[in-house]
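As the structure is a prediction and not an experimental result, all values here were calculated from the model.
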Amino acid sequence: MADFRVGLQVRPILNALKRHKVATALIVLQVALTLAVVSNAFFIVATRVVHLSRPTGTDEAHLFVIRNAWRSQVDPGRIGALMRADLAVLRQVPGVRDAIASEAFPLEGGGGVLMRLRTEPEQTAKAKLAIAYLGDTHAIDTFGVTLAEGRNFRDDEVKDIGPYDKLSSPSIIVTRSLASKLFPDSPALGKTIWLEDGPSTIVGILTSLQGPYAGSTTRSIDEDSVLFPARQADPAGTVYIVRTHSTAMHAVIQASLAALSSQGGLRLVDPVDGVQTLARAREAGYDTDRSVATMMAVVCGLLLLATAGGIVGLSSFWVGQRKRQIGVRRALGARAADILLYFHIENAMIAAGGIVLGVVLSIGGNMALMKLYEIPHLPIAWLACGALVVWLIGQLAVHGPARSASRVAPVVAIRSDG
């Protein structure tokens with residue numbers, strides 16, 4: 001019976017919409033644009049939220065870094081020995097579990113050594129890009145990462161290198177993500193790869209280790225990291241990465257700075273900007289992501305409200321225009337529920353037209369965004385959810401004017417001049 005009543009409503013609705021082509025077209029276009037913008041924007045927000053909550057693979061809660069700058073009078077030839085001495089002192093600080101010297105750290109927002117890796121010495125295909133962290137035999141324990149396969153570095157494999165020295169080593173450790181891309185059809189452990197400065201053997205595979213670029217996304221090299229057995233003796237300075245036993249790190253940080261100070265006045269460490277926990281680095285590294293996600297969510301909310309307001313306004317206008325028509329229908333026996341159903345069906349038909357057009361615009365917009373920015377393909381399920389939300393908002397928006405129309409007494413409507 002309900003289906004029969006719906007069928008009876010369709011033809012009068014189509015006739016009414018033909019008499020209001022411009023207003024109908026505007027609402028259809030507004031619904032379409034809302035769906036296109038909201039579906040893509042909320043998808044970007046969702047990917048940003050997932051992005052900023054992803055783990056680095058390290059023991060973030062127990063890590064802090066010290067940016068150490070060497071004074072200009074320091075002999076570059078002594079820097080390697082000074083770093084080793086500093087690390088030995090830091091590892092003896094109460095509360096410190098381990099420490100390494102590197103040139104970058106996860107969530108830093110930059111740094112790291114860009115490497116091009118080839119699986120053949122004369123490979124003509126494009127080399128695989130990866131980000132390398134320099135570190136010694138303490139790197140795995142300091143980062144708190146998991147060695148899934150293979151072994152750690154040996155002491156004889158670690159060397160001090162200058163900022164312009166060649167990056168060559170008989171062994172490297174890579175992440176599982178990078179290993180699967182280098183050798184998708186066979187185990188990577190024990191395989192030889194070619195760096196720009198020579199061959200190297202993969203001796204270990206880490207479960208995961210995020211690169212230093214917090215803002216990078218799914219298409220990037222963010223999970224493709226390398227541990228390289230070296231300490232960079234750079235006159236510009238180095239980064240000491242320290243892992244503690246406790247998450248209460250203030251006392252350990254102060255003791256670490258005091259320990260470095262006791263080594264002599266050859267280094268400069270800003271006690272404020274020169275020290276940072278990885279928890280703080282995460283907050284700073286993803287600050288832009290949070291701001292963009294918040295802004296886009298607010299814009300989407302306002303756009304949905306604007307669409308709902310447009311539907312309310314148009315429906316209210318049409319109720320006023322159709323009072324005589326409504327009165328005639330009521331006088332002929334139409335119930336209040338029939339009038340309510342009429343406007344809901346009308347809105348559903350308009351929204352359906354907007355959704356069809358909006359789906360096309362959403363897919364086209366997503367394809368354009370994929371070319372311009374590093375975002376994934378918009379899932380059909382996500383688009384379907386967006387369409388459902390827009391349709392439900394339209395139904396909620398029209399309900400008020402529709403109820404107002406259904407409550408008009410037949411005699412009052414017939415006498416109206418509207």
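Within the structure, the salt bridge (Lys or Arg N to Asp or Glu O under 4.0 Å) test picks out the following pairs touching residues 243-259 (sequence neighbours left out): Asp59-Arg243, Asp141-Arg243. Within the structure, the side-chain hydrogen bond (donor to acceptor under 3.5 Å, both in side chains) test picks out the following pairs touching residues 357-366 (sequence neighbours left out): Ser39-Ser362. Sorted by first then second residue, the side-chain hydrogen bond (donor to acceptor under 3.5 Å, both in side chains) pairs that include residues 165-176, not counting sequence neighbours, are Glu157-Ser171. Residue pairs meeting the salt bridge (Lys or Arg N to Asp or Glu O under 4.0 Å) criterion with at least one partner in residues 31-43, sequence neighbours excluded, are absent.
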For Thr238 and Asp86: C-alpha separation, side-chain torsions, deciding distance, then whether side-chain contact (heavy atoms from CB on, under 4.5 Å) applies. CA-CA 11 Å; Thr238 189; Asp86 284 350; over 6 Å; no
Go through it in stages, so that I can follow the logic: the residues are Val389 and Val38, the test is side-chain contact (heavy atoms from CB on, under 4.5 Å), and I'd like the CA-CA distance, side-chain angles, deciding distance and then a yes or no. CA-CA 10 Å; Val389 168; Val38 168; 6.0 Å; no
Checking side-chain contact (heavy atoms from CB on, under 4.5 Å) for the pair Val242/Val93: CA distance, chi angles, key distance, verdict? CA-CA 10 Å; Val242 183; Val93 172; over 6 Å; no
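What you find for Ile100 and Phe143 is that their closest heavy atoms are CD1-CE1, 3.9 Å. Counting all heavy atoms, side chain and backbone alike, Ser102 lies closest to Ile241 at CB-CD1, 4.0 Å. Smallest separation of non-hydrogen atoms from Leu278 and Phe105: CD1-CD1, 3.9 Å. For the pair Gln232 and Gly162, the tightest heavy-atom approach, listed with the atom from each and the gap, is NE2-O, 4.1 Å. Pairing each heavy atom of Pro235 with each of Ile79, the nearest pair is CA-CD1, 3.3 Å. Pro106 and Leu209 get closest at one heavy-atom pair: CG-CD1, 4.3 Å.
Evaluation of the ring-ring contact (aromatic ring centres under 6.0 Å, His included) rule for His399 yields His344 as partners, not counting sequence neighbours. For the side-chain hydrogen bond (donor to acceptor under 3.5 Å, both in side chains) test, residues two or more places apart in sequence or in another chain that qualify with Lys191 are Ser186. With sequence neighbours excluded, the residues satisfying salt bridge (Lys or Arg N to Asp or Glu O under 4.0 Å) with Glu60 are Arg282. In this view, Trp382 and Phe43 satisfy the ring-ring contact (aromatic ring centres under 6.0 Å, His included) rule, not counting sequence neighbours. In this view, Arg84 and Asp160 satisfy the salt bridge (Lys or Arg N to Asp or Glu O under 4.0 Å) rule, not counting sequence neighbours. In this structure Asp185 satisfies the side-chain hydrogen bond (donor to acceptor under 3.5 Å, both in side chains) test with no other residue, sequence neighbours excluded.
In this structure, the side chain of Gln30 engages the main chain of Ala306 through a donor-acceptor pair within 3.5 Å. At least one donor-acceptor pair under 3.5 Å links the side chain of Ser262 to the backbone N or O of Ala259.
The neighbour count for Arg78 CZ, taken as heavy atoms of other residues, nucleotides or ligands under 6.0 Å away, does not exceed 12.
A heavy-atom distance below 4.5 Å is not found between the side chains of Arg97 and His62. Residues Asp224 and Ile131 have side chains not in contact (no heavy-atom distance under 4.5 Å, counting atoms from C-beta outward). Looking at Val89 and Leu260, their side chains never come closer than 4.5 Å, going by heavy atoms from C-beta outward. Looking only at side-chain heavy atoms (C-beta outward), Ile363 and Leu378 stay at 4.5 Å or farther from each other. Contact check for Ile66 versus Ile253: no side-chain heavy atoms found under the 4.5 Å cut-off. Looking at heavy atoms from C-beta onward, Leu147 lies in side-chain contact with Leu206 at the 4.5 angstrom threshold. Annotation: side chain of Phe228 is not in contact with side chain of Glu103 (no heavy-atom distance under 4.5 Å). Between Phe64 and Val252 there is a side-chain heavy-atom pair separated by less than 4.5 Å.
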For residues 114-122, which side-chain donor-acceptor pairs fall under 3.5 Å, sequence neighbours excluded?
from: Arg118; atom 1: NH1; to: Pro121; atom 2: O; distance (Å): 2.7
from: Arg118; atom 1: NH2; to: Leu195; atom 2: O; distance (Å): 3.4
from: Thr119; atom 1: OG1; to: Gln123; atom 2: OE1; distance (Å): 3.2

Under 3.5 Å, which donor-acceptor pairs do the side chains of residues 132-139 form with other protein atoms, sequence neighbours left out?
from: Tyr133; atom 1: OH; to: Gln210; atom 2: O; distance (Å): 2.8
from: Asp136; atom 1: OD1; to: His138; atom 2: N; distance (Å): 2.9
from: Asp136; atom 1: OD2; to: Arg91; atom 2: NH2; distance (Å): 3.2
from: Asp136; atom 1: OD2; to: Arg231; atom 2: NH1; distance (Å): 3.4
from: Thr137; atom 1: OG1; to: Asp155; atom 2: OD1; distance (Å): 3.3
from: His138; atom 1: ND1; to: Asp98; atom 2: OD1; distance (Å): 2.8
from: His138; atom 1: ND1; to: Asp98; atom 2: OD2; distance (Å): 3.1
from: His138; atom 1: NE2; to: Arg91; atom 2: NH1; distance (Å): 3.3

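Taking CZ from Arg267 and CG from Leu257, the interatomic distance works out to 11.5 Å, rounded to the nearest 0.5 Å. Separating the CD1 atom in Ile173 from the OG1 atom in Thr201 is a distance of 12.5 Å, to the nearest 0.5 Å. To the nearest 0.5 Å, the span separating CG on Leu35 from CG on Leu357 amounts to 9.0 Å. The CH2 atom of Trp391 sits 13.5 Å away from atom CD1 of Ile350, with the distance rounded to the nearest 0.5 Å. Put simply, CG on Asn68 and CH2 on Trp70 are 4.5 Å apart, with the number rounded to the nearest 0.5 Å. Within the model, atoms OG of Ser177 and CD1 of Ile205 stand 11.5 Å from one another, a figure rounded to the nearest 0.5 Å.
Screening Val174, Leu167, Ile172 for a side chain to side chain contact (heavy atoms under 4.5 Å, CB included) involving Ser200 leaves a single residue, Ile172.
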